[in-house]
Amino acid sequence: MSTQLAAVRGMNDVLAGQMPAWQHLEQVTRTLFAEYGFQEMRVPIVEHTQLFKRAIGEFTDIVEKEMYTFSMSADESLTLRPEATAGIARAAITNGLLRGARLKLWTSGPMFRHERPQKGRYRQFHQIDIEALGFPGPDVDAEIIAMTARMWRRLGITRVKLKLNSLGTTESRRVYREKLVAYFQQHADVLDEDSRRRLGGNPLRILDSKNPAMQAVISGAPLLTEHLDPESREHFEGLTAMLAASNIDYVLDPRLVRGLDYYSRTVFEWVTDALGAQDAVCSGGRYDGLITQLGGEATPAVGFAMGVERIVELMQQTGATFAAPSPQVYVVIAGSRAGRAALALVERLRDELPGIAFETNAGGGNFKAQFRRADRSGAPLALVLGDDELERGVAQLKPMRQEGVQIEVPLAELAGRIPALLKSLQG
RNA sequence: GUGGACGUAGCUCAGCUGGUAGAGUCCCGGAUUGUGAUUCCGGCUGUCGCGGGUUCGAGUCCCGUCGUCCACCCCA
């Protein structure tokens, strides 16, 4: 309750009780990505500020007001990464990974954005991130979307739906943007304050406005989908055809634009109605121009990021429970000589029975308390070692989770008896 | 950055119209001195977020402040 010792606002501890759910998500995605041929890589949490400005865009909210930026010297400005794509793209360039190569990569870790914390939105949050570099066609777009659909199935998550749009190429978007600006300028009198500000920087985001008063103007605005260049249209039709053939449902959303400037052509967003206002759980798209823009050789690319905290929340809402594994044998100790002998005995059992989880009572406690801990540990079997047993060269084995008789076993035979006993108790 | 709600034992919370704090849970001990989860008995823990004000007296009223949550905004 002390206020002088507090965590930084928006930065949460992930306590031990939460970790089984996190680990389940990590294990499911790690397996899935490997099945689709993606390889893990890791990039730094800190990059030069300039990288994010160039990649994400000067006029985005992220760059304008959400970055954790600090300077180490007068000419070195560094930033805690607000997303992963820029770092991956930079790494591909600086490590010489491109040269026409096709790379399927994934990474994960903490991201930082200085926003007001809210349900599903934190200042340090975690993303799992996929990037496919060097693939120009819609086939990879479709494949990574199919992969996410499979991921929801494996996680048992059903309250998500896929929104899809195409932003066209940078050039076609420029033409469209001019028309859009002209349209909104004609209706400048009904624009709200935010929208007027965006008119100069990123007019496409006006389309995203949730302000009810704006909906009439927005619905009359020219549609991006009607201004796509032929190649982008063909790309998008290829994508939707492949999704349809794979029975992946999607909703076309011509208003779907992204908050990051680097996207082109395909953009998609998995949204949920189960998390309150922060409804995006997994989203991304194509960024064919980014690597060139950062100084690398022209390389088409597509990727997405998903929010770990949000997905864990969805997993828990399905009613599934995630528990840390219980020990299999809890060792109860009675007497000081038994206490001194217990470690060596259990170490020997660990040598003989690798893979079996023993928890030896530590921290004292009387017999009753030790059995209470044994019970709460969830262990199916208790091993009792007292001074009396030690003297006679035996130990007691007592089933904890179901009816069964306690048996006395010579110490030398424990390793031979425990596996079968556990099997009968768990089967 | 803007708005609303809330901040009482480790945890979940109760404290009506102001009279100097309680329950459950957890933890510890006991109920045949070596056997748990049920039951019974006993015990421990609180600067009632912080600071100031009103009052004979404030957890309860007022102001400020910090924090949490939710929403706007934006996004994962």
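First the proteins, then the strands, lettered A, B, ... as listed; each starts at 1.
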### Query
Does Arg116(A) have a side-chain nitrogen or oxygen under 4.0 Å from the phosphate oxygens OP1 or OP2 of A71(B)?
no
### Task
Check salt bridge (charged side-chain N to carboxylate O under 4.0 Å, His left out) between Lys163(A) and all other residues, then give those that pass, not counting sequence neighbours.
Asp253(A)
### Query
Who pairs with Arg401(A) by salt bridge (charged side-chain N to carboxylate O under 4.0 Å, His left out), at least two apart in sequence or on another chain?
Asp375(A)
### Task
Check RNA chain B against residues 282-290 of chain A and give the residues with a non-hydrogen atom under 4.0 Å, in numerical order.
Cys282(A), Ser283(A)
### Query
side chain to side chain contact (heavy atoms under 4.5 Å, CB included) with Trp270(A): which of Val160(A), Ile157(A), Ile311(A)?
Val160(A)
### Query
Is any N or O donor-acceptor pair between the side chain of Gln396(A) and the base of U35(B) shorter than 3.5 Å?
no
### Message
Quick check on G34(B): is either OP1 or OP2 less than 4.0 Å from any side-chain nitrogen or oxygen of Asn366(A)?
### Response
no
#### Entry: Sub-4.0 Å heavy-atom contacts from residues 45-67 of chain A onto RNA chain B, ordered by number
Asp61(A), Glu66(A)
### Message
Measuring only the C1' atom in each nucleotide, how far is G49(B) from U68(B)? A whole number of Å is fine.
### Response
10 Å
### Task
Determine whether the side chains of Lys179(A) and His227(A) contain a donor N or O and an acceptor N or O closer than 3.5 Å.
yes
### Message
Near RNA chain B, counting only heavy atoms under 4.0 Å, which residues of residues 263-278 of chain A show up?
### Response
Gly276(A), Ala277(A), Gln278(A)
### Message
Does atom CD (Glu391(A)) have a neighbourhood of more than 12 heavy atoms from anything else shown, all under 6.0 Å?
### Response
no
### Message
Say we look at U17(B) and G59(B): how far apart would their P atoms be, to the nearest angstrom?
### Response
15 Å
### Summary
Sorted by number, residues from residues 307-331 of chain A placing a heavy atom under 4.0 Å from RNA chain B are Gly307(A), Arg310(A)
### Exercise: do Arg265(A) and Ser232(A) side chains pair donor with acceptor under 3.5 Å
yes
### Query
ring-ring contact (aromatic ring centres under 6.0 Å, His included): which pairs involve residues 316-335 of chain A, sequence neighbours left out?
His24(A)-Phe322(A)
#### Entry: Any residue meeting salt bridge (charged side-chain N to carboxylate O under 4.0 Å, His left out) with Arg42(A), in chain and number order, not counting sequence neighbours
Glu40(A)
### Query
Side-chain donor-acceptor pair under 3.5 Å between Glu178(A) and Tyr183(A), yes or no?
no
### Task
For C26(B) and C61(B), measure between their C1' atoms and round to the nearest Å.
35 Å
### Summary
Sorted by chain and residue number, the salt bridge (charged side-chain N to carboxylate O under 4.0 Å, His left out) partners of Glu35(A) (sequence neighbours excluded) come out as Arg154(A)
### Query
So what does the secondary structure string of RNA chain B come out as, 5' to 3', with Watson-Crick or wobble pairs under 3.5 angstrom, [ ] for crossing and | for pairs with another strand?
(((((((..((((........)))).(((((.......))))).....(((((.......))))))))))))....
### Task
Taking the six-membered ring for Trp and the single ring otherwise, decide whether the centroids of Trp106(A) and Phe38(A) are under 6.0 Å apart.
no
### Query
Do Glu389(A) and G34(B) share a donor-acceptor pair, side chain to base, under 3.5 Å?
yes
### Query
When you compare A23(B) with C62(B), how far apart are their P atoms, in angstrom units rounded to a whole number?
29 Å
Using the 3.5 Å cut-off, write out each protein N or O paired with an N or O of nucleotides 36-45 of chain B and the distance between them.
unit_1 : atom_1 : unit_2    : atom_2 : d
G36(B) : N1     : Met400(A) : O      : 2.8
G36(B) : N2     : Asp375(A) : OD1    : 2.7
G36(B) : N2     : Met400(A) : O      : 2.4
G36(B) : N3     : Asp375(A) : OD1    : 3.2
A37(B) : O4'    : Asp375(A) : OD2    : 2.7

### Task
Could you name each residue pair satisfying ring-ring contact (aromatic ring centres under 6.0 Å, His included) that touches residues 369-421 of chain A, not counting sequence neighbours?
Phe367(A)-Phe371(A)
### Query
Looking only at atom P, what distance separates C66(B) and C50(B), rounded to whole Å?
16 Å
### Query
Has Phe59(A) got more than 12 heavy atoms of other residues, nucleotides or ligands less than 6.0 Å from its CZ?
no
### Query
When you compare A37(B) with C27(B), how far apart are their P atoms, in angstrom units rounded to a whole number?
10 Å
### Task
Take atom C1' in G52(B) and the same atom in C16(B), then report the distance between them in whole Å.
27 Å
### Summary
RNA chain B nearest-nucleotide lookup for Asp279(A) and His114(A): closer to the 5′ end is His114(A)
### Query
Taking atom C1' of G67(B) as reference, at what distance in whole Å does atom CZ of Arg123(A) sit?
12 Å
